[in-house]
Amino acid sequence: MVPISELPTLYSSMAAVSVLPHFTANPTVSLLEKCKSMSELHQIHAHMIKTGLVHHTFAVSRLVAFCSLSGVCGGLDYAASVFPRIQQPNCFIFFAMIKGFADSASSLNSILLYSQMLSYLDEFDGVQFSIPSVLKACGRSRAFGEAQQVHGHVLKTNFQYDPFVSNSVVRMYLDLGEVGMARRVFDTMPCRDVVSWNSMIKGYVEAGEIDLARALFDEMPEKDLFSWNTMIDGYGKCGKCEHAQELFQMMKHKDVVSWTAMISGYVLNHRPKEGLVLFREMLSLGIQPDAATIVSVLSAIADLGFVEEGKWVHAYLSTNKIRLDSGFIGSALIDMYAKCGYIEDAYRIFKSISHRRSIGDWNSMISGLAIHGLGEEALEIFNDMERYDIKPNEITFLGVLSACSHGGLVQEGQYFFSLMQESYKIVPGIQHYGCMVDLLGRAGHLQEAINVLQEMPMEADVLAWKAILSACVKHGHVAIGEHAALHAIELAPEDSSCYVLLSNVYAKAGKWDNVAKVRSMMRQRGVRKIPGCSSVLSNGVVHQFLVGMEMDMMYRGRVLLKLEEVICRLKLEGYEPDLTQILLDVEEEDKENLLRVHSEKIAVAFGLINMKQGAPIHIVKNLRFCSDCHSFIKLVSMVYNRKIIVRDQNRFHYFQNGSCSCKDYW
DNA sequence: CTAGGGTTAG
């Protein structure tokens, strides 16, 4: 291979062949298309230098494009070293470099190169291909000033009539967090199309403005006549009628992407039910969901634990020939079954895609086992990964650490935490430290947990402090608990669970005065406890039980009657209600009676009435279990001889014969 | 050759 340093000499001696005809270039260029690694590329490059093909603009543009855009390791650096030696770079070569940099860690280079290109090229034709990348670079590197300059340039050159360019301007302002600016561009852009609408919807979703997103979604037109007219006008003025034609084709109503953006918007904003409602509406209108839609839908189902819906979607996949190894379908399906409590089905899916598993499939499986408390099994899957030489990523380790945490595998957790850094060179993020704090705290190694928290290279977040706080509840440390609560409340004054945990710490230590203080503090600040809510699936229908909910009197009467019966029977078996838990409730006094009855107890009573003997009762709860309900359900599982499976905020609990799969370790 | 939607995370 010819060293790069010799290139300039070769250039001058080969100058005569710089006008090679196109057909000569083809064999080598087609070799470039098939090129898979840098070493193959070096050979092709050497060949091009030997034959003088490097002076062929088209050929060298393919070379640069391959290096900068294929994502091959070291490719961009190589492209950057070749680029300055190209005597007459055209707009395609500039484009390849600009896009390559925009997607890299050094996206500012993209902006620099763009300005160089403008002064280098004689005309603007072809420049527009690079603008989307520059705009992306501005957004990514949070370069607001540069962003406005490029935007200004777009307006001056009339590239705003190019839909790719204008849509990228919208996207850029959204990336910069400037939703208002994005909306202004959106409202005034002459070539607004379905992509513009979809970007804007996603922008609102990311800003947490889900209702504004929905408003826009509902407004989406058949065809945007205003845009159409302005666009004809614009393109007419520059005589580009064929562009106008092309655009007309693109101007359709809501497409599958719009629906997916909206559905995923609900899921991301923790409103999975509305996501599912929209999905059903989409189906009823005869619009075909694709893999991306299904992934979001599965995520909504997983959140809700609606396994029946999940099974339906699973069946839909096979009838519509959507492959389990396409995109994130496999991991979403595994995750859905796991989060619905069907870990065996999750494993079956995982097994069935053994030939082409993506990293996400492995990660979903490991995290799935983790929330079922199957720590050993999760670690076995991780071993398989290593055996098959599959490189775990940072999310894999979150799953592994969480598996250790839920399984009480302290030493293993510490081992994997260092393995991750030493063998896999993964720099632990705040969530990894959070896992370690949780792992150590839960196991009662409170001082070590605090050490991790204090020595981590970033500021501790609410979750880390809450992990300490829950450890203090579990192991009864008032002083540390107060300290942790102080930090947690400072970081998230609106988060009721911080106050509730603190109140828990006091209650456990019998400090009722302080419990009352926490309660009044919450009242003063207007922080309301999230009401407990449990759902049970029976005969394909989801029944929700909310503390203080309005239930049909008859219905409620029947369920509450059953609950009374259960409590009586359990008391004969030695059940004593844990009164410390009741004092946690900080709702208004007049609801006190309802509050005595936690939603999971009602759900159990309902299940005992409605589910056939022998059928397990599946319950999904929105909050963490309280210890009274936990011991209550353990007893029910024995006295009534029932399998009861409860998913709380963190994990699954399998109750059978008086004990729980979490071994009281949660 | 350029723009829009997607999973796994204490």
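Sequence lines set the chain letters: A, B, ... in the order given, protein chains first and strands last, and positions in each chain run from 1. Note that these values count all heavy atoms, side chains included, but never hydrogens, waters or copies made by symmetry.
- Between the side chains of A/H406 and A/Y665, no donor N or O sits under 3.5 Å from an acceptor N or O.
- Taking the side chain of A/C435 as heavy atoms from C-beta on, and the options B/dG10, B/dT2, B/dG4, the nearest nucleotide is B/dG10.
- Note on A/A65: nothing from the nucleic acid sits closer than 4.0 angstrom, heavy atoms only.
- Taking only side-chain atoms of A/L398, from C-beta outward, the nucleotide of B/dA9, B/dA3, B/dG6 with the closest atom is B/dA9.
- In this structure, A/L298 atom CG and B/dG6 atom P are separated by 15 Å, rounded to whole Å.
- Remark: the A/S364 side chain and the B/dT8 base include no donor-acceptor N/O pair separated by less than 3.5 Å.
- With hydrogens and angles ignored, no donor-acceptor pair closer than 3.5 Å exists between the side chain of A/S199 and the base of B/dG4.
- Which of B/dA9, B/dT2, B/dG6 sits closest to the side chain of A/D335 comes down to B/dA9.
- Closest to the A/V195 side chain, of the nucleotides B/dA3, B/dG10, B/dG6, is B/dA3.
- We find that OH of A/Y114 is positioned 13 Å from C1' of B/dT2, with the value rounded to whole Å.
- Look at A/F129 and the base of B/dT2; the rings do not stack under the cut-offs of 5.5 Å between centres and 30° between planes.
- Across the protein-nucleic acid pair, A/Q288 atom CD and B/dG5 atom P stand 22 Å apart, rounded to whole Å.
- Among the heavy atoms of the strands lying under 4.0 Å from A/D461 is at least one base atom, whether or not backbone atoms are also near.
- In this structure, the nucleotide among B/dT2, B/dG4, B/dG5 sitting nearest to the side chain of A/T293 is B/dG5.
- The aromatic rings of A/W197 and A/F186 sit perpendicular, their planes meeting at an angle over 60°, well past the 30° parallel limit.
- Per the geometry, CG belonging to A/D361 stands 14 Å off P belonging to B/dT7, to the nearest Å.
- Residue A/D290 is in base contact, counting any heavy-atom pair closer than 4.0 Å across all strands shown.
- Side chain of A/S168, nearest nucleotide from B/dA9, B/dG6, B/dA3: B/dA3.
- Atom NZ in A/K466 sits about 10 Å away from atom C1' in B/dG10, given to the nearest Å.
- Screening A/L440, A/N451, A/L439 against A/H445 for a side chain to side chain contact (heavy atoms under 4.5 Å, CB included) leaves a single residue, A/L440.
- Among the atoms of the strands shown, none is found under 4.0 Å from any heavy atom of A/S166.
- Of the listed nucleotides (B/dT8, B/dG4, B/dT7), B/dG4 has the atom at the smallest distance from the side chain of A/V257.
- Residue A/K202 places none of its side-chain N or O atoms closer than 4.0 Å to OP1 or OP2 of B/dG4.
- One cannot find a donor-acceptor pair under 3.5 Å joining the base of B/dG5 and the side-chain atoms of A/D255.
- Between A/K254 and B/dG4 there is no side-chain N or O to OP1 or OP2 distance below 4.0 Å.
- In this structure, the nucleotide among B/dT2, B/dG6, B/dT7 sitting nearest to the side chain of A/S331 is B/dT7.
- The shortest distance between the side-chain N/O atoms of A/S264 and the OP1/OP2 oxygens of B/dG6 is below 4.0 Å.
- Applying the 3.5 Å distance criterion, the base of B/dG10 shares no donor-acceptor pair with the side chain of A/D438.
- Considering only residues two or more places apart in sequence or on other chains, A/E309 meets the side chain to side chain contact (heavy atoms under 4.5 Å, CB included) condition with A/L276, A/R280, A/I301, A/F306.
- Atoms CH2 (A/W259) and C1' (B/dG6) sit 18 Å apart, rounded to a whole Å.
- A donor-acceptor contact shorter than 3.5 Å links the side chain of A/D162 to the backbone of A/F164.
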Evaluation steps, side chain to side chain donor-acceptor pair (under 3.5 Å), between A/K99 and A/S130: CA-CA 7 Å; A/K99 180 167 167 62; A/S130 296; over 6 Å; no

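- Whole-Å rounding puts the A/D125 CG to B/dT2 P distance at 17 Å.
- Base contact: A/A464 has a heavy atom under 4.0 Å from a base atom.
- The environment of CD in A/Q88 is sparse: at most 12 heavy-atom neighbours from other residues, nucleotides or ligands sit within 6.0 Å.
- Spacing between atom CD1 of A/I301 and atom P of B/dT7 amounts to 13 Å, rounded to whole angstrom units.
- Counting any heavy atom pair closer than 4.0 Å across all strands shown, A/V256 reaches a base atom.
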